[in-house]
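The basis for the numbers below is simple: all heavy atoms, side chains too, and nothing from hydrogens, waters or symmetry mates. Every number for a ligand or one of its atoms is a count from 1 in the order of the listing.
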Amino acid sequence: MIRLPGLIDPHVHLREPGAIYKEDFDSGTAAALAGGFTIVLAMPNTKPPLIDEGSLALAQKAARAKARCDYGLYLGAGHENRTSAAALAQQVCGMKLYLDQTYGPLRIDDLGLLRDHIAHWPAQRALAAHAEGRSLAAVIFLAALEDRPIHVCHVSRKAEILLIKQAKQRGIAITCEVSPHHLFLTEDDLPRLGPGRGEVRPSLATYEDQQALWDNLDVIDCFASDHAPHTAAEKDGPNPPPGFPGLETTLGLMLTAVRDGRLTIEQCIERMYTNPHRIFGLPEQPETWVEIDPDAEWEVQAEKFFTGCDWTPYEGMRLRGRVTRVILRGKIVFQEGKFLEGLGYGQDVAPAFQNVGTV
Ligand code: NCD
Ligand code: ZN
Ligand code: ZN
Ligand code: ZN
């Protein structure tokens, strides 16, 4: 048995409010615990999107009633909350900027709006961006002009990781995360997955892009599942939404890579606990840890997972390393496939944030 700290997934989509047939705070946080995570940071591209007090209250209420692990909620940068967003900073784990087309209505195209959001959001609170290709250069520059940190979501391309490396070398306050599908899958997996199931943003990349991520592990601050549940029927339908589920496969993929000598367990812990804890300023979770059987081998089967998502791009894959027990704030919350605390045991990380000023 090995003991890991309670892992942190800084990028998940839990679909509540609005699409709880794909996921809700119950199924999503159950999947998180089963995957070894004790904190998840939930994205704001829900229905309605989390952009104001009313929409945020809907998510907070649902999470308070149902979450099984601790969580933070992101506020979305929208067209209507340019001046009002900062007042909500103490209630969320950060603000999310969408600079490119993806699932949901939150894309920002307008330079002035983007600049204003970056300028107004409190520097002490995280600012995370979906920014691919040239958008990445834009958001790095805008954040640097405001002298504030920026966190880049799901980096997938060689040119992007090299740009982030160069920005870090220049002393720019930038951090980034990479998702397991960009480390373990490439466009060569598309024929096997099929066109709908293979849809994800950023799209699966080339072998060269994938290698560049592995070659620059030291530039990658976090691993984030970007758990983006959509049903198999939606993925196989006429307008397949982009996104892969990931909460219950991320740790297994990483531990398998550890076994294969591609990374060390220490590198894993830095990227799944130490760095996200620091970057997002998350509270300590006393008496919290995850117990792993590092030698247990298991086969990925979507039907055995707790997520509301009924498929996985890793179906049939054999992984090494299984979560046997999760202890959260002194209580056994997960053991051998069973959840031992009630719904709502999970806490919002936001009240722990102090001295977050508004602008
Ligand atoms: C995400 C989703 O479905 O919400 N999809 C995805 O392909 N990653 C949105 C996102 O993270 O960009
Ligand atoms: Zn994204
Ligand atoms: Zn996402
Ligand atoms: Zn700490």
Q.
Looking at Y345, I'd like to know if the NZ or CZ of R329 sits under 6.0 Å from its six-membered ring centre while staying within 45 degrees of the ring's axis.
A. yes

Q: Give a yes-or-no answer on whether the side chains of E234 and Y21 include a donor-acceptor pair shorter than 3.5 Å.
A: yes

Q.
List the protein residues in contact with ligand 1, where contact means a heavy-atom separation under 4.0 angstrom.
A. H11, H13, R15, N45, T102, Y103, H130, H154, V200, R201, D226, A228, H230, P242, G243

Q | Cationic tip of K338 above F334 ring, under 6.0 Å, 45° of axis | A | no

Q: Please list, in chain and residue-number order, the protein N/O/S atoms closer than 2.8 Å to the Zn ion (ligand 4).
A: H277 NE2, E284 OE2

Q: Confirm or rule out an N/O/S atom of H130, from backbone or side chain, lying less than 2.8 Å from the Zn ion (ligand 2).
A: yes

Q | H227 ring center near H13 ring center (under 6.0 Å) | A | no

(Q) Does this structure show an ion pair linking R68 with D26, if we count only N-O contacts that are shorter than 4.0 Å? (A) yes

Q) Does N216 use its side chain to pair, donor to acceptor, with the backbone of L213 at less than 3.5 Å? A) no

Q. Does any N, O or S atom in H154 come within less than 2.8 Å of the Zn ion (ligand 2)?
A. yes

Q. So, the side chain of T256 versus the backbone of R320: is there a donor-acceptor pair under 3.5 Å, distance only?
A. yes

Q. Any salt bridge between K158 and E208, counting N to O under 4.0 Å?
A. yes

Q) Charged N to carboxylate O under 4.0 angstrom, E23 versus R15? A) no

Q. Among side-chain atoms of K22 and H230, is any donor-acceptor pair under 3.5 angstrom?
A. yes

